[in-house]
There are 2 protein chains.
Amino acid sequence: MSKVTVAALQCAYTANMTENIDRVEGLIVDAAKKGAQIILPTELLQGPYFCREERDEFFDWAYPANEHPVVQRLAPVAKKLGVAIPASIFERDNHHYFNSLVMIDADGSIMGTYRKSHIPDGPGYEEKFYFKPGNTGFKVWNTKFAKIGVGICWDQWFPECARAMMLMGADLLFYPTAIGSEPENPTLDTKDLWQRAMIGHAVSNVVPVIAANRIGNEGGQIFYGSSFIADQRGEKVAEFGRTETGVLTASFDLAQVKLNRASFGFFRDRRPDLYGILTQ
Amino acid sequence: MSKVTVAALQCAYTANMTENIDRVEGLIVDAAKKGAQIILPTELLQGPYFCREERDEFFDWAYPANEHPVVQRLAPVAKKLGVAIPASIFERDNHHYFNSLVMIDADGSIMGTYRKSHIPDGPGYEEKFYFKPGNTGFKVWNTKFAKIGVGICWDQWFPECARAMMLMGADLLFYPTAIGSEPENPTLDTKDLWQRAMIGHAVSNVVPVIAANRIGNEGGQIFYGSSFIADQRGEKVAEFGRTETGVLTASFDLAQVKLNRASFGFFRDRRPDLYGILTQ
């Protein structure tokens with residue numbers, strides 16, 4: 001009962017949302033055939049990473065969370081296959097726009113919405129133009145298969161986010177992502193840094209980490225894939241390169257991970273009395 | 001003015017404290033010759049890692065911080081060479097015993113004491129028998145060459161500690177260490193985990209990290225060295241293996257590091273309003 005199989009999906013997207021959802025659905029089916037129970041698509045799978053530019057028309061790509069075409073399409077898929085799917089969407093809530101995650105459980109039910117807490121901004125990643133910083137706080141989801149935390153992309157660089165989800169009881173950490181080249185700094189390749197930050201979370205929290213990133217060339221911005229699954233010691237147990245499309249899977253014995261975590265004693269030895277500065 | 005050269009020392013120790021301090025002094029001289037300005041010896045350089053066992057007699061190895069033979073010997077060395085030395089000691093303060101760090105600046109002055117906040121406990125690492133958890137809080141030191149944070153060994157696994165020192169203005173993070181094999185679990189080699197956790201801090205805080213670990217076989221417990229210096233992207237720029245004695249050095253342009261840090265925007269995008277759970 002403590003065994004769980006997870007998957008990370010990696011693919012490119014076009015401007016055609018229906019095609020994109022079709023592609024992701026196909027990969028979800030592949031992942032389920034491989035035994036995956038919790039299946040992570042990349043961030044904003046509905047289409048191109050529009051935050052590459054600041055253009056008003058892209059606000060039309062947002063929908064109320066539960067009405068979002070991605071959710072409408074993937075919830076029945078989750079139910080049919082009996083898999084849980086953290087689905088990343090562009091959400092509109094009246095006059096507010098968020099970079100959000102709708103958690104779909106294995107019976108197709110919507111467990112709720114998490115809104116990305118940390119919003120990046122810079123050349124090629126103009127997210128502060130589109131998204132209000134999330135107002136939900138971090139969330140963990142007691143899915144059919146495991147209690148999981150899901151951070152969205154930029155959240156993955158913040159140790160506070162990983163630790164908070166762990167303190168809320170997460171057994172696995174998932175990160176849907178859209179990251180690639182830096183238009184203003186062609187010599188900066190952040191791929192290793194991106195992995196190192198999350199591998200640090202894996203070790204410091206003794207928890208497996210699953211990250212799914214897109215690939216493809218979108219107007220000269222090259223998304224570098226390199227999706228991976230790391231175990232609770234930060235060892236990469238599955239990893240894609242920068243151009244493959246497909247499904248990564250890995251299985252974990254969460255009871256064993258829990259013993260490893262207790263044995264390390266990090267949660268025993270924390271000093272919350274000294275951490276006040278983190279909240280100022 | 002923003003350039004700084006740092007060093008990490010790696011060596012083994014015997015039961016003879018004077019010999020141990022002699023050895024460390026020799027390495028400090030070597031490091032200074034290589035241009036190092038801030039020179040990090042390993043944790044508890046006074047002798048064997050006594051926490052391997054729980055024995056009353058070892059409490060006699062503690063001294064009041066400023067009277068500790070390590071401090072008495074290394075402060076004049078710091079002054080003579082014009083280098084800053086974070087010196088790890090076993091401290092006694094009346095009836096309390098701490099795993100402490102005395103910061104010696106380049107003029108030989110004692111800047112103060114930091115007491116290790118996170119205390120491990122387990123087979124081979126029975127620190128809770130000896131040390132009261134530190135009551136100083138995290139500290140940063142405005143040395144002649146740079147503002148630095150120093151965590152002591154187990155502190156290095158805690159992202160909260162690294163982040164707190166950064167929020168206090170640290171430009172470099174140092175970690176004196178004593179870590180090796182696991183007597184109760186011979187198959188567990190923590191070397192990669194140990195490096196990954198600190199490399200995570202380097203990336204998440206865009207800060208160079210300097211770690212110095214001892215080597216040697218102490219009663220069957222094998223200390224694995226692997227001291228390293230990582231740059232602000234988590235790239236190891238200098239690293240020892242598991243058995244070498246010597247000095248690692250690296251130079252950093254702190255003005256450039258500061259620009260890298262600002263450009264990444266992690267400190268811009270933090271959400272202290274959501275981090276309350278970390279202090280509970």
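Residue numbers begin at 1 in each chain, while the letters A, B, ... track the order of the sequences.
Chosen from B/K128, B/M168, B/H201, the residue pairing most often with chain A at heavy-atom distances under 4.5 Å is B/K128. Of the residues considered (A/N205, A/L167, A/D273), A/L167 shows the highest number of contacts with chain B, using heavy-atom pairs under 4.5 Å. Per-residue counts of heavy-atom pairs under 4.5 Å with chain A were compared for B/L274, B/T279, B/D269; the largest is that of B/D269. The most heavy-atom pairs under 4.5 Å with chain A, out of B/S263, B/G234, B/G200, come from B/G234.
The contact between A/R270 and chain B is made by backbone and side chain atoms together, counting heavy-atom distances below 4.5 Å. Heavy atoms of B/W194 lying under 4.5 Å from chain A are absent altogether. Heavy atoms closer than 4.5 Å to chain A are found in both the backbone and the side chain of B/D121. Only the backbone of B/I119 comes within contact range of chain A, with heavy atoms under 4.5 Å apart. Residue B/M166: no heavy atom, backbone or side chain, is found under 4.5 Å from chain A.
Between A/F266 and B/F158, the angle of the ring planes goes over 60°, which puts this pair in the perpendicular group of the 30/60° scheme. Ring geometry, A/Y275 versus B/F138: the interplanar angle falls under 30°, so the pair is classed parallel (tilted spans 30 to 60°).
More than 12 heavy atoms of other residues, nucleotides or ligands sit less than 6.0 Å from atom NZ of A/K191.
Inter-residue side-chain proximity for A/R163 and B/L278 is flagged as met; some heavy-atom pair is nearer than 4.5 Å. Within the 4.5 Å cutoff, no side-chain heavy atoms of B/Q280 are placed close to those of A/P272.
In this structure, B/V203 and A/R196 approach most closely via the heavy-atom pair CG2-CB, 3.9 Å.
Between A/R271 and B/E160, none of the side-chain N atoms (NZ, or NE/NH1/NH2) sits under 4.0 Å from a carboxylate O, so this pair counts as no salt bridge.
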